[in-house]
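Worksheet for the structure shown next.
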Amino acid sequence: MLSPEMMDLLLSGTWETLYMTIVSTLIAYIFGVPLGLILYVTGDGGIRRNRAVNLVVGVIVNILRSVPFLILLVFILPFTRAVVGTTIGSTATIVPLVVAAAPYVARMVESSLKEIDGGVIEAARAMGSSTWQIIWKVFLPEAKPSLLVGATISLATILGYSAMAGFVGGGGLGAIAINYGYYRYQSDIMLITVILLVIIVQIFQEGGLKLVSKVDKRTR
Amino acid sequence: MIELKDLTKEFKTSKAEVFAVRDVNLTIQNGEVFGIIGFSGAGKSTLVRCINLLERPTSGSVIINGVDLTRLSTKELREARKKIGMIFQQFNLLSQRTVEANIRYPLEIAGVKREAADARVKELLELVDLTDKAKAYPSQLSGGQKQRVAIARALAPEPEIILCDEATSALDPITTSSILDLLKSLNQKLGVTIVVITHEMRVVEQICDRVAVMSAGEIKEEGTVRGVFLNPQSETAKRLIEPSHSDALSTPRANTLRLAFTGDESGAPVISDMTIQCDTMVNILAANTENIGGKAFGQMLIELPEDAASQKKIKDYLDGRGIHYEEGGDA
Ligand SMILES: Nc1ncnc2c1ncn2[C@@H]1O[C@H](COP(=O)(O)OP(=O)(O)OP(=O)(O)O)[C@@H](O)[C@H]1O
Ligand SMILES: [Mg+2]
(Lines give C-alpha, C1' and ligand atoms only; values in the text may rest on other atoms or scores of the structure.)
(Ligands and ions follow the chains in the order given, each with its own letter.)
Protein backbone atom coordinates (compact mmCIF):
# COMPACT_ATOMS: atom_id res chain seq x y z
CA MET A 1 0.00 0.00 0.00
CA LEU A 2 2.74 2.40 1.04
CA SER A 3 5.78 2.83 -1.12
CA PRO A 4 9.10 1.82 0.45
CA GLU A 5 10.18 5.46 0.25
CA MET A 6 7.13 6.48 2.21
CA MET A 7 7.82 3.78 4.79
CA ASP A 8 11.35 5.10 5.19
CA LEU A 9 10.03 8.61 5.50
CA LEU A 10 7.58 7.65 8.22
CA LEU A 11 10.21 5.69 10.07
CA SER A 12 12.71 8.51 10.06
CA GLY A 13 9.90 10.93 10.94
CA THR A 14 9.10 8.80 13.98
CA TRP A 15 12.73 8.81 15.06
CA GLU A 16 12.97 12.55 14.58
CA THR A 17 9.86 13.10 16.62
CA LEU A 18 11.16 10.89 19.43
CA TYR A 19 14.52 12.62 19.28
CA MET A 20 13.03 16.12 19.45
CA THR A 21 10.57 15.24 22.15
CA ILE A 22 12.88 13.35 24.44
CA VAL A 23 15.85 15.68 24.12
CA SER A 24 13.65 18.76 24.56
CA THR A 25 11.97 17.28 27.60
CA LEU A 26 15.33 16.44 29.18
CA ILE A 27 16.71 19.92 28.59
CA ALA A 28 13.42 21.51 29.67
CA TYR A 29 13.74 19.60 32.96
CA ILE A 30 17.33 20.73 33.42
CA PHE A 31 15.99 24.30 33.48
CA GLY A 32 12.51 23.58 34.80
CA VAL A 33 13.41 21.69 37.97
CA PRO A 34 15.59 24.46 39.43
CA LEU A 35 12.98 27.05 38.40
CA GLY A 36 10.21 25.02 40.02
CA LEU A 37 12.32 24.62 43.16
CA ILE A 38 12.95 28.37 43.28
CA LEU A 39 9.24 29.07 42.88
CA TYR A 40 8.38 26.63 45.65
CA VAL A 41 11.14 27.45 48.10
CA THR A 42 10.70 31.22 47.84
CA GLY A 43 6.91 31.13 47.69
CA ASP A 44 4.35 31.51 50.47
CA GLY A 45 5.10 28.97 53.15
CA GLY A 46 8.41 28.04 51.50
CA ILE A 47 11.53 27.31 53.54
CA ARG A 48 13.31 30.37 52.12
CA ARG A 49 10.57 32.88 51.50
CA ASN A 50 11.65 35.66 49.17
CA ARG A 51 8.99 37.87 47.62
CA ALA A 52 11.24 39.55 45.07
CA VAL A 53 12.81 36.40 43.65
CA ASN A 54 9.48 34.62 43.61
CA LEU A 55 7.83 37.49 41.77
CA VAL A 56 10.56 37.86 39.12
CA VAL A 57 10.74 34.14 38.35
CA GLY A 58 6.96 33.83 38.48
CA VAL A 59 6.43 36.67 36.00
CA ILE A 60 9.02 35.35 33.53
CA VAL A 61 7.48 31.89 33.70
CA ASN A 62 3.99 33.26 33.21
CA ILE A 63 4.96 35.43 30.25
CA LEU A 64 6.66 32.54 28.45
CA ARG A 65 3.72 30.29 29.20
CA SER A 66 1.14 32.69 27.85
CA VAL A 67 2.78 33.17 24.44
CA PRO A 68 1.27 30.72 21.93
CA PHE A 69 3.89 28.22 20.86
CA LEU A 70 3.92 29.03 17.14
CA ILE A 71 4.37 32.73 17.86
CA LEU A 72 7.14 32.00 20.34
CA LEU A 73 8.82 29.78 17.77
CA VAL A 74 8.86 32.54 15.14
CA PHE A 75 9.71 35.21 17.64
CA ILE A 76 12.89 33.49 18.85
CA LEU A 77 14.15 32.44 15.40
CA PRO A 78 17.22 34.71 15.74
CA PHE A 79 17.99 33.13 19.08
CA THR A 80 17.54 29.66 17.61
CA ARG A 81 19.93 30.49 14.79
CA ALA A 82 22.45 31.81 17.28
CA VAL A 83 22.28 28.62 19.32
CA VAL A 84 22.23 25.85 16.69
CA GLY A 85 23.20 27.73 13.52
CA THR A 86 20.00 26.95 11.63
CA THR A 87 16.26 27.41 11.98
CA ILE A 88 15.00 24.35 10.16
CA GLY A 89 15.04 20.67 11.00
CA SER A 90 14.66 18.71 14.20
CA THR A 91 17.64 20.07 16.09
CA ALA A 92 16.55 23.64 15.41
CA THR A 93 13.09 22.79 16.77
CA ILE A 94 14.56 21.72 20.09
CA VAL A 95 15.41 25.32 20.97
CA PRO A 96 11.87 26.75 20.88
CA LEU A 97 10.54 23.51 22.40
CA VAL A 98 12.81 23.97 25.40
CA VAL A 99 11.96 27.67 25.72
CA ALA A 100 8.25 26.84 25.65
CA ALA A 101 8.45 23.77 27.84
CA ALA A 102 10.84 24.86 30.61
CA PRO A 103 8.37 27.31 32.20
CA TYR A 104 5.62 24.72 31.84
CA VAL A 105 7.84 22.15 33.54
CA ALA A 106 8.68 24.70 36.25
CA ARG A 107 4.98 24.99 37.15
CA MET A 108 4.53 21.21 37.01
CA VAL A 109 7.48 20.76 39.36
CA GLU A 110 6.21 23.48 41.67
CA SER A 111 2.81 21.84 41.93
CA SER A 112 4.37 18.42 42.62
CA LEU A 113 6.45 19.93 45.41
CA LYS A 114 3.37 21.58 46.88
CA GLU A 115 1.89 18.13 47.44
CA ILE A 116 4.62 17.25 49.95
CA ASP A 117 3.29 16.84 53.48
CA GLY A 118 4.18 19.97 55.45
CA GLY A 119 4.73 17.91 58.59
CA VAL A 120 7.59 16.02 56.97
CA ILE A 121 9.31 19.28 56.04
CA GLU A 122 8.81 20.52 59.56
CA ALA A 123 10.36 17.34 60.95
CA ALA A 124 13.36 17.81 58.65
CA ARG A 125 13.76 21.40 59.85
CA ALA A 126 13.44 20.31 63.46
CA MET A 127 16.28 17.83 62.92
CA GLY A 128 18.58 20.66 61.85
CA SER A 129 18.60 20.09 58.07
CA SER A 130 20.05 22.80 55.86
CA THR A 131 18.12 24.16 52.90
CA TRP A 132 20.13 22.03 50.47
CA GLN A 133 19.67 18.93 52.57
CA ILE A 134 15.94 19.51 52.60
CA ILE A 135 15.91 19.98 48.82
CA TRP A 136 17.99 16.86 48.07
CA LYS A 137 16.86 14.53 50.80
CA VAL A 138 13.26 15.57 51.36
CA PHE A 139 11.74 17.60 48.51
CA LEU A 140 12.98 15.68 45.50
CA PRO A 141 12.68 12.11 46.89
CA GLU A 142 9.30 12.76 48.52
CA ALA A 143 7.93 14.35 45.35
CA LYS A 144 9.50 11.76 43.03
CA PRO A 145 6.31 9.87 42.11
CA SER A 146 4.44 13.10 41.45
CA LEU A 147 7.40 14.49 39.48
CA LEU A 148 7.35 11.39 37.31
CA VAL A 149 3.63 11.79 36.64
CA GLY A 150 4.38 15.37 35.67
CA ALA A 151 7.19 14.26 33.36
CA THR A 152 4.83 11.86 31.61
CA ILE A 153 2.36 14.66 31.00
CA SER A 154 5.12 17.03 29.90
CA LEU A 155 6.42 14.49 27.43
CA ALA A 156 3.02 14.21 25.74
CA THR A 157 2.59 17.98 25.69
CA ILE A 158 6.04 18.53 24.19
CA LEU A 159 5.31 15.87 21.60
CA GLY A 160 2.25 17.89 20.58
CA TYR A 161 4.35 21.07 20.31
CA SER A 162 6.96 19.26 18.21
CA ALA A 163 4.27 18.24 15.74
CA MET A 164 3.12 21.85 15.52
CA ALA A 165 6.66 22.92 14.71
CA GLY A 166 6.30 20.96 11.46
CA PHE A 167 4.39 23.97 10.13
CA VAL A 168 7.44 26.18 10.18
CA GLY A 169 10.24 23.98 9.07
CA GLY A 170 10.53 21.61 12.01
CA GLY A 171 11.11 17.94 11.30
CA GLY A 172 9.44 14.75 12.42
CA LEU A 173 5.97 13.36 11.99
CA GLY A 174 4.39 16.79 12.25
CA ALA A 175 6.29 17.97 9.18
CA ILE A 176 5.26 14.85 7.26
CA ALA A 177 1.61 15.34 8.20
CA ILE A 178 1.71 18.91 6.98
CA ASN A 179 3.79 18.41 3.84
CA TYR A 180 1.89 15.36 2.59
CA GLY A 181 -1.43 15.48 4.32
CA TYR A 182 -2.09 19.20 4.20
CA TYR A 183 -0.21 20.60 1.20
CA ARG A 184 -0.63 17.52 -1.05
CA TYR A 185 -4.01 16.33 0.19
CA GLN A 186 -2.68 12.81 0.97
CA SER A 187 -5.04 12.25 3.81
CA ASP A 188 -3.96 8.62 4.25
CA ILE A 189 -0.46 9.84 5.13
CA MET A 190 -1.95 12.36 7.50
CA LEU A 191 -3.97 9.61 9.15
CA ILE A 192 -0.94 7.36 9.54
CA THR A 193 1.14 10.10 11.16
CA VAL A 194 -1.70 10.90 13.55
CA ILE A 195 -1.99 7.23 14.49
CA LEU A 196 1.76 7.06 15.06
CA LEU A 197 1.59 10.13 17.29
CA VAL A 198 -1.26 8.60 19.27
CA ILE A 199 0.69 5.37 19.72
CA ILE A 200 3.76 7.27 20.95
CA VAL A 201 1.70 9.26 23.47
CA GLN A 202 0.09 6.03 24.62
CA ILE A 203 3.45 4.36 25.16
CA PHE A 204 4.78 7.35 27.09
CA GLN A 205 1.66 7.43 29.23
CA GLU A 206 1.54 3.72 30.03
CA GLY A 207 5.27 3.47 30.62
CA GLY A 208 5.24 6.55 32.84
CA LEU A 209 2.41 5.34 35.01
CA LYS A 210 3.94 1.86 35.36
CA LEU A 211 7.17 3.47 36.48
CA VAL A 212 5.35 5.67 38.98
CA SER A 213 3.50 2.81 40.60
CA LYS A 214 6.78 0.93 40.91
CA VAL A 215 8.60 3.88 42.41
CA ASP A 216 5.94 5.17 44.82
CA LYS A 217 6.26 3.69 48.32
CA ARG A 218 3.10 5.24 49.72
CA THR A 219 0.88 2.38 48.65
CA ARG A 220 1.17 -1.06 50.11
CA MET B 1 17.96 22.80 81.47
CA ILE B 2 15.35 24.54 79.35
CA GLU B 3 14.50 28.07 80.45
CA LEU B 4 11.73 29.99 78.76
CA LYS B 5 11.83 33.64 79.74
CA ASP B 6 8.98 36.07 79.11
CA LEU B 7 8.18 34.10 76.00
CA THR B 8 5.51 35.62 73.80
CA LYS B 9 4.37 34.59 70.35
CA GLU B 10 1.90 36.76 68.54
CA PHE B 11 0.34 35.81 65.23
CA LYS B 12 -0.79 38.70 63.11
CA THR B 13 -3.38 37.80 60.55
CA SER B 14 -5.25 40.21 58.32
CA LYS B 15 -8.23 40.10 60.65
CA ALA B 16 -6.86 39.77 64.13
CA GLU B 17 -3.83 39.48 66.32
CA VAL B 18 -3.61 36.31 68.37
CA PHE B 19 -1.35 35.87 71.33
CA ALA B 20 -0.77 32.14 70.99
CA VAL B 21 1.78 32.30 73.81
CA ARG B 22 1.86 35.12 76.31
CA ASP B 23 4.58 35.91 78.86
CA VAL B 24 5.48 32.32 79.58
CA ASN B 25 8.17 31.68 82.15
CA LEU B 26 9.09 28.06 82.61
CA THR B 27 12.09 26.07 83.73
CA ILE B 28 12.46 22.43 82.83
CA GLN B 29 15.24 20.52 84.54
CA ASN B 30 17.56 18.09 82.80
CA GLY B 31 16.35 14.52 83.00
CA GLU B 32 12.80 15.53 83.75
CA VAL B 33 9.62 14.43 82.00
CA PHE B 34 7.65 17.64 81.81
CA GLY B 35 4.04 17.85 80.68
CA ILE B 36 2.27 20.81 79.16
CA ILE B 37 -1.45 20.26 79.19
CA GLY B 38 -4.31 22.37 77.95
CA PHE B 39 -7.39 22.36 75.78
CA SER B 40 -7.27 22.78 72.03
CA GLY B 41 -6.09 26.22 70.99
CA ALA B 42 -4.39 26.87 74.34
CA GLY B 43 -1.10 27.50 72.56
CA LYS B 44 0.70 24.29 73.53
CA SER B 45 1.98 23.48 70.06
CA THR B 46 3.12 27.03 69.53
CA LEU B 47 4.95 26.95 72.85
CA VAL B 48 6.76 23.69 72.13
CA ARG B 49 7.61 24.85 68.60
CA CYS B 50 9.19 27.91 70.15
CA ILE B 51 11.55 25.65 72.12
CA ASN B 52 13.39 24.56 68.96
CA LEU B 53 12.54 27.79 67.19
CA LEU B 54 10.41 26.19 64.49
CA GLU B 55 8.35 29.18 65.51
CA ARG B 56 10.34 32.31 66.26
CA PRO B 57 9.03 33.96 69.40
CA THR B 58 7.85 37.57 69.09
CA SER B 59 9.75 38.35 72.29
CA GLY B 60 11.45 36.57 75.14
CA SER B 61 14.21 34.01 75.17
CA VAL B 62 14.69 30.28 74.94
CA ILE B 63 17.75 29.25 76.90
CA ILE B 64 18.94 25.67 76.65
CA ASN B 65 21.83 24.72 78.92
CA GLY B 66 22.77 28.36 79.17
CA VAL B 67 22.63 29.16 75.45
CA ASP B 68 19.98 31.56 74.19
CA LEU B 69 18.74 29.95 70.97
CA THR B 70 17.11 33.17 69.78
CA ARG B 71 20.55 34.74 69.46
CA LEU B 72 22.16 31.98 67.39
CA SER B 73 23.01 32.26 63.70
CA THR B 74 21.15 30.03 61.26
CA LYS B 75 24.04 27.59 61.20
CA GLU B 76 24.43 27.50 64.98
CA LEU B 77 20.70 26.99 65.34
CA ARG B 78 20.85 23.98 63.00
CA GLU B 79 23.54 22.46 65.20
CA ALA B 80 21.50 23.18 68.34
CA ARG B 81 18.46 21.52 66.78
CA LYS B 82 20.41 18.30 66.30
CA LYS B 83 20.44 17.98 70.08
CA ILE B 84 16.66 18.48 70.32
CA GLY B 85 14.61 15.60 68.95
CA MET B 86 10.97 16.08 68.12
CA ILE B 87 8.11 13.69 67.58
CA PHE B 88 4.71 14.58 66.22
CA GLN B 89 1.10 13.45 66.29
CA GLN B 90 1.22 12.62 62.57
CA PHE B 91 4.65 10.89 62.84
CA ASN B 92 6.00 12.86 59.84
CA LEU B 93 8.17 10.08 58.46
CA LEU B 94 9.66 10.29 54.98
CA SER B 95 7.20 8.24 52.95
CA GLN B 96 9.69 7.23 50.26
CA ARG B 97 12.33 5.97 52.69
CA THR B 98 12.41 2.64 54.47
CA VAL B 99 12.27 2.47 58.24
CA GLU B 100 16.04 2.17 58.52
CA ALA B 101 16.63 4.98 56.04
CA ASN B 102 14.27 7.20 58.03
CA ILE B 103 16.24 6.54 61.18
CA ARG B 104 19.46 7.16 59.26
CA TYR B 105 18.32 10.59 58.03
CA PRO B 106 19.54 12.66 61.00
CA LEU B 107 22.87 10.80 60.87
CA GLU B 108 23.22 11.55 57.16
CA ILE B 109 22.66 15.24 57.65
CA ALA B 110 25.15 15.24 60.49
CA GLY B 111 27.73 13.68 58.16
CA VAL B 112 28.12 10.43 60.13
CA LYS B 113 30.08 7.82 58.16
CA ARG B 114 28.02 5.11 56.53
CA GLU B 115 29.30 2.25 58.68
CA ALA B 116 28.92 4.07 61.96
CA ALA B 117 25.45 5.17 60.90
CA ASP B 118 24.42 1.63 60.00
CA ALA B 119 25.58 0.37 63.38
CA ARG B 120 23.68 3.12 65.16
CA VAL B 121 20.52 2.43 63.14
CA LYS B 122 20.72 -1.25 64.03
CA GLU B 123 21.06 -0.40 67.70
CA LEU B 124 18.07 1.96 67.55
CA LEU B 125 15.94 -0.58 65.71
CA GLU B 126 16.58 -2.98 68.57
CA LEU B 127 15.83 -0.32 71.13
CA VAL B 128 12.36 0.35 69.68
CA ASP B 129 11.88 -3.32 68.84
CA LEU B 130 11.47 -2.89 65.09
CA THR B 131 14.39 -4.88 63.73
CA ASP B 132 12.07 -7.00 61.59
CA LYS B 133 10.61 -3.88 59.97
CA ALA B 134 13.94 -2.36 58.94
CA LYS B 135 13.20 -2.66 55.23
CA ALA B 136 9.51 -1.76 55.41
CA TYR B 137 8.11 1.57 54.26
CA PRO B 138 6.04 3.79 56.58
CA SER B 139 2.86 2.98 54.64
CA GLN B 140 3.31 -0.64 55.70
CA LEU B 141 3.34 0.14 59.42
CA SER B 142 0.71 0.66 62.10
CA GLY B 143 0.44 3.99 63.89
CA GLY B 144 2.26 2.70 66.94
CA GLN B 145 5.07 1.28 64.82
CA LYS B 146 5.38 4.57 62.92
CA GLN B 147 5.69 6.45 66.18
CA ARG B 148 8.40 4.06 67.33
CA VAL B 149 10.29 4.76 64.10
CA ALA B 150 9.87 8.48 64.78
CA ILE B 151 11.21 7.99 68.30
CA ALA B 152 14.22 6.05 67.00
CA ARG B 153 14.82 8.78 64.43
CA ALA B 154 14.63 11.45 67.13
CA LEU B 155 17.09 9.51 69.27
CA ALA B 156 19.62 8.86 66.50
CA PRO B 157 21.78 11.94 67.04
CA GLU B 158 21.78 11.34 70.82
CA PRO B 159 19.68 14.36 71.74
CA GLU B 160 19.53 15.86 75.20
CA ILE B 161 15.90 16.80 74.80
CA ILE B 162 12.90 15.25 73.08
CA LEU B 163 9.83 17.35 72.37
CA CYS B 164 6.57 15.44 71.88
CA ASP B 165 3.65 17.32 70.38
CA GLU B 166 0.55 15.18 70.95
CA ALA B 167 2.70 12.16 70.15
CA THR B 168 0.02 9.69 71.19
CA SER B 169 -3.14 11.51 70.15
CA ALA B 170 -3.52 9.49 66.96
CA LEU B 171 -3.14 6.16 68.76
CA ASP B 172 -5.50 3.85 70.60
CA PRO B 173 -5.26 3.64 74.41
CA ILE B 174 -3.17 0.46 74.53
CA THR B 175 -0.71 1.67 71.92
CA THR B 176 -0.61 5.04 73.67
CA SER B 177 0.32 3.32 76.86
CA SER B 178 3.13 1.35 75.25
CA ILE B 179 4.55 4.42 73.53
CA LEU B 180 4.46 6.32 76.82
CA ASP B 181 6.20 3.41 78.55
CA LEU B 182 8.88 3.50 75.86
CA LEU B 183 9.39 7.24 76.34
CA LYS B 184 9.56 6.84 80.10
CA SER B 185 12.12 4.06 79.83
CA LEU B 186 14.25 6.15 77.47
CA ASN B 187 14.10 8.95 80.00
CA GLN B 188 15.25 6.60 82.73
CA LYS B 189 17.84 4.71 80.68
CA LEU B 190 19.34 7.59 78.73
CA GLY B 191 18.50 10.51 80.99
CA VAL B 192 16.99 12.40 78.08
CA THR B 193 14.75 15.31 79.03
CA ILE B 194 11.26 14.90 77.63
CA VAL B 195 8.68 17.62 77.09
CA VAL B 196 5.22 16.23 76.49
CA ILE B 197 2.39 18.25 75.02
CA THR B 198 -1.05 16.78 75.46
CA HIS B 199 -4.68 17.48 76.15
CA GLU B 200 -5.11 14.17 77.97
CA MET B 201 -4.61 14.01 81.69
CA ARG B 202 -3.82 10.32 81.62
CA VAL B 203 -0.74 10.94 79.47
CA VAL B 204 0.54 13.33 82.11
CA GLU B 205 -0.36 10.86 84.86
CA GLN B 206 1.49 8.03 83.21
CA ILE B 207 4.86 9.60 82.54
CA CYS B 208 5.30 13.17 83.74
CA ASP B 209 7.15 14.33 86.81
CA ARG B 210 5.88 17.88 86.61
CA VAL B 211 3.16 19.55 84.63
CA ALA B 212 2.19 23.03 83.50
CA VAL B 213 -1.43 23.84 82.73
CA MET B 214 -1.94 26.14 79.80
CA SER B 215 -4.89 28.17 78.68
CA ALA B 216 -5.22 31.13 76.30
CA GLY B 217 -1.46 31.24 75.78
CA GLU B 218 -0.62 31.49 79.46
CA ILE B 219 0.64 29.04 82.05
CA LYS B 220 -2.15 28.91 84.60
CA GLU B 221 -0.42 26.69 87.10
CA GLU B 222 2.58 24.48 87.40
CA GLY B 223 3.71 21.84 89.80
CA THR B 224 4.24 18.16 90.42
CA VAL B 225 1.70 15.94 88.71
CA ARG B 226 0.38 14.79 92.07
CA GLY B 227 0.17 18.31 93.41
CA VAL B 228 -1.80 19.60 90.46
CA PHE B 229 -3.95 16.52 90.30
CA LEU B 230 -4.68 16.49 93.99
CA ASN B 231 -5.33 20.13 94.38
CA PRO B 232 -5.97 21.90 91.09
CA GLN B 233 -6.01 25.66 91.50
CA SER B 234 -6.95 26.96 88.08
CA GLU B 235 -10.28 26.53 86.40
CA THR B 236 -8.51 24.92 83.43
CA ALA B 237 -6.79 22.34 85.60
CA LYS B 238 -10.06 21.43 87.28
CA ARG B 239 -11.79 21.00 83.96
CA LEU B 240 -8.94 18.93 82.55
CA ILE B 241 -8.89 16.60 85.51
CA GLU B 242 -12.61 16.14 85.53
CA PRO B 243 -14.11 14.20 82.68
CA SER B 244 -15.30 16.57 80.04
CA HIS B 245 -18.47 14.64 79.34
CA SER B 246 -19.74 15.19 82.84
CA ASP B 247 -21.16 18.58 83.67
CA ALA B 248 -21.80 17.20 87.13
CA LEU B 249 -18.13 17.22 87.92
CA SER B 250 -17.42 20.71 86.74
CA THR B 251 -20.40 22.35 88.46
CA PRO B 252 -20.98 20.29 91.61
CA ARG B 253 -24.35 20.66 93.26
CA ALA B 254 -25.05 20.99 96.94
CA ASN B 255 -24.74 17.81 98.98
CA THR B 256 -22.00 16.47 96.79
CA LEU B 257 -18.40 15.65 97.50
CA ARG B 258 -15.58 15.56 95.04
CA LEU B 259 -13.11 12.90 96.13
CA ALA B 260 -9.54 12.86 94.96
CA PHE B 261 -7.64 9.61 94.87
CA THR B 262 -3.94 10.16 94.69
CA GLY B 263 -2.60 6.67 94.91
CA ASP B 264 -1.86 6.97 98.64
CA GLU B 265 -4.94 5.21 99.87
CA SER B 266 -4.75 1.65 101.06
CA GLY B 267 -6.02 -0.99 98.74
CA ALA B 268 -9.39 -1.45 100.46
CA PRO B 269 -12.36 -0.48 98.28
CA VAL B 270 -13.29 2.94 99.61
CA ILE B 271 -16.87 3.44 98.54
CA SER B 272 -18.25 0.06 99.48
CA ASP B 273 -16.33 0.09 102.76
CA MET B 274 -17.63 3.59 103.49
CA THR B 275 -21.26 2.68 102.90
CA ILE B 276 -20.90 -0.26 105.25
CA GLN B 277 -19.01 1.62 107.94
CA CYS B 278 -21.32 4.64 107.83
CA ASP B 279 -24.41 2.54 107.28
CA THR B 280 -25.64 4.81 104.56
CA MET B 281 -25.96 5.03 100.81
CA VAL B 282 -24.19 7.34 98.41
CA ASN B 283 -24.86 7.96 94.79
CA ILE B 284 -21.89 8.06 92.45
CA LEU B 285 -22.61 10.90 90.03
CA ALA B 286 -19.43 10.80 88.04
CA ALA B 287 -16.05 9.22 88.23
CA ASN B 288 -12.77 9.53 86.48
CA THR B 289 -10.51 7.14 88.21
CA GLU B 290 -7.80 4.99 86.88
CA ASN B 291 -5.85 2.12 88.23
CA ILE B 292 -2.22 2.98 87.85
CA GLY B 293 0.26 0.51 89.21
CA GLY B 294 -2.46 -1.05 91.37
CA LYS B 295 -3.39 2.27 92.93
CA ALA B 296 -6.50 4.35 92.46
CA PHE B 297 -5.80 7.67 90.88
CA GLY B 298 -8.46 10.14 89.87
CA GLN B 299 -11.60 11.82 90.99
CA MET B 300 -15.11 10.85 91.91
CA LEU B 301 -18.20 12.90 92.52
CA ILE B 302 -20.63 11.42 95.01
CA GLU B 303 -24.04 12.59 96.15
CA LEU B 304 -24.54 12.48 99.93
CA PRO B 305 -27.66 11.49 101.78
CA GLU B 306 -29.85 14.39 102.97
CA ASP B 307 -29.42 14.07 106.71
CA ALA B 308 -26.57 15.93 108.35
CA ALA B 309 -25.62 13.05 110.65
CA SER B 310 -24.88 10.68 107.78
CA GLN B 311 -23.00 13.42 105.98
CA LYS B 312 -20.82 13.98 109.01
CA LYS B 313 -20.16 10.24 109.32
CA ILE B 314 -19.04 10.09 105.75
CA LYS B 315 -16.71 13.06 106.08
CA ASP B 316 -15.23 11.66 109.25
CA TYR B 317 -14.72 8.36 107.53
CA LEU B 318 -12.93 10.06 104.61
CA ASP B 319 -10.80 12.12 106.99
CA GLY B 320 -9.95 8.93 108.80
CA ARG B 321 -8.78 7.27 105.61
CA GLY B 322 -6.90 10.36 104.54
CA ILE B 323 -8.91 10.85 101.38
CA HIS B 324 -9.01 14.39 100.10
CA TYR B 325 -12.37 15.83 99.25
CA GLU B 326 -14.00 19.06 98.31
CA GLU B 327 -17.59 19.97 98.98
CA GLY B 328 -19.83 20.97 96.14
CA GLY B 329 -22.51 23.64 95.98
CA ASP B 330 -22.79 26.25 98.73
CA ALA B 331 -21.32 24.11 101.43
N1 LIG C 1 0.46 30.11 62.04
C2 LIG C 1 -0.55 30.66 62.75
N3 LIG C 1 -1.14 31.80 62.34
C4 LIG C 1 -2.13 32.37 63.06
N5 LIG C 1 -2.61 31.88 64.21
C6 LIG C 1 -2.06 30.75 64.69
C7 LIG C 1 -1.00 30.07 63.99
N8 LIG C 1 -0.65 28.97 64.70
C9 LIG C 1 -1.45 28.95 65.77
N10 LIG C 1 -2.29 30.02 65.78
C11 LIG C 1 -3.29 30.33 66.82
O12 LIG C 1 -2.65 30.28 68.06
C13 LIG C 1 -3.48 29.68 69.03
C14 LIG C 1 -2.77 28.50 69.67
O15 LIG C 1 -2.59 27.47 68.72
P16 LIG C 1 -1.82 26.12 69.05
O17 LIG C 1 -1.79 25.31 67.82
O18 LIG C 1 -0.53 26.44 69.70
O19 LIG C 1 -2.79 25.46 70.11
P20 LIG C 1 -2.73 24.01 70.76
O21 LIG C 1 -2.83 24.21 72.22
O22 LIG C 1 -1.57 23.26 70.25
O23 LIG C 1 -4.07 23.34 70.25
P24 LIG C 1 -4.34 21.80 69.82
O25 LIG C 1 -4.52 21.03 71.07
O26 LIG C 1 -5.62 21.90 69.03
O27 LIG C 1 -3.21 21.33 68.98
C28 LIG C 1 -4.75 29.30 68.31
O29 LIG C 1 -5.71 30.32 68.57
C30 LIG C 1 -4.38 29.29 66.87
O31 LIG C 1 -5.46 29.65 66.07
MG1 LIG D 1 -1.34 21.45 69.05
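First the proteins, then the strands, lettered A, B, ... as listed; each starts at 1. Model, not experiment: these values are computed from the prediction.
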Query raised in the report: Any side-chain donor paired with an acceptor under 3.5 Å for B/Gln90 and A/Asp117?
Result: no

Query raised in the report: For atom NZ of B/Lys184, is the number of surrounding heavy atoms from other residues, nucleotides or ligands below 6.0 Å larger than 12?
Result: yes

Report task. Any chance you could measure B/Arg78, atom CZ, to A/Thr131, atom OG1, to the nearest 0.5 Å? Result -> 7.0 Å

Query - Heavy atoms from other residues, nucleotides or ligands near CG of A/Asp44 exceed 12 (cutoff 6.0 Å) - result: no

Report task. Answer whether the closest heavy-atom distance between the side chains of A/Lys137 and B/Glu108 falls below 4.5 Å. Result -> yes

Report task. Assess whether atom CZ of A/Phe69 is packed by more than 12 heavy atoms of other residues, nucleotides or ligands within 6.0 Å. Result -> yes

Query raised in the report: Sub-3.5 Å donor-acceptor pair from the side chain of B/Asn92 to the main-chain atoms of A/Ala123, do we have one?
Result: no

Report summary line: CZ of A/Arg125 to CG of B/Leu77, rounded to nearest 0.5 Å, is 9.0 Å

Query raised in the report: Can you find a pair of side-chain heavy atoms, one from B/Tyr137 and one from A/Arg218, that are under 4.5 Å apart?
Result: no

Query raised in the report: Do B/Pro138 and A/Lys217 come close enough that some side-chain heavy atom pair is under 4.5 Å?
Result: no

Report task. Side chain from CB out, backbone as N, CA, C, O: work out which of these in B/Tyr105 comes under 4.5 Å of a heavy atom of chain A, or both, or neither. Result -> side chain

Query - Selection from B/Met86, B/Arg49, B/Glu79 maximising heavy-atom pairs under 4.5 Å formed with chain A - result: B/Arg49

Report task. Would you mind telling me which of B/Leu93, B/Leu53, B/Leu54 has the largest number of heavy-atom pairs within less than 4.5 Å of chain A? Result -> B/Leu54

Query raised in the report: Is it the case that more than 12 heavy atoms not belonging to A/Phe79 sit under 6.0 Å from its CZ atom?
Result: no

Query raised in the report: What do you reckon, is NZ of B/Lys83 surrounded by more than 12 foreign heavy atoms closer than 6.0 Å?
Result: yes

Query raised in the report: Within a reach of under 6.0 Å around CG of A/Leu209, are more than 12 heavy atoms found that belong to other residues, nucleotides or ligands?
Result: yes

Report summary line: Tightest non-hydrogen contact, residues B/Ile109 and A/Gly128, listed as CD1-C, 3.9 Å

Query raised in the report: Charged N to carboxylate O below 4.0 Å: is that the case for A/Glu142 and B/Arg97?
Result: no

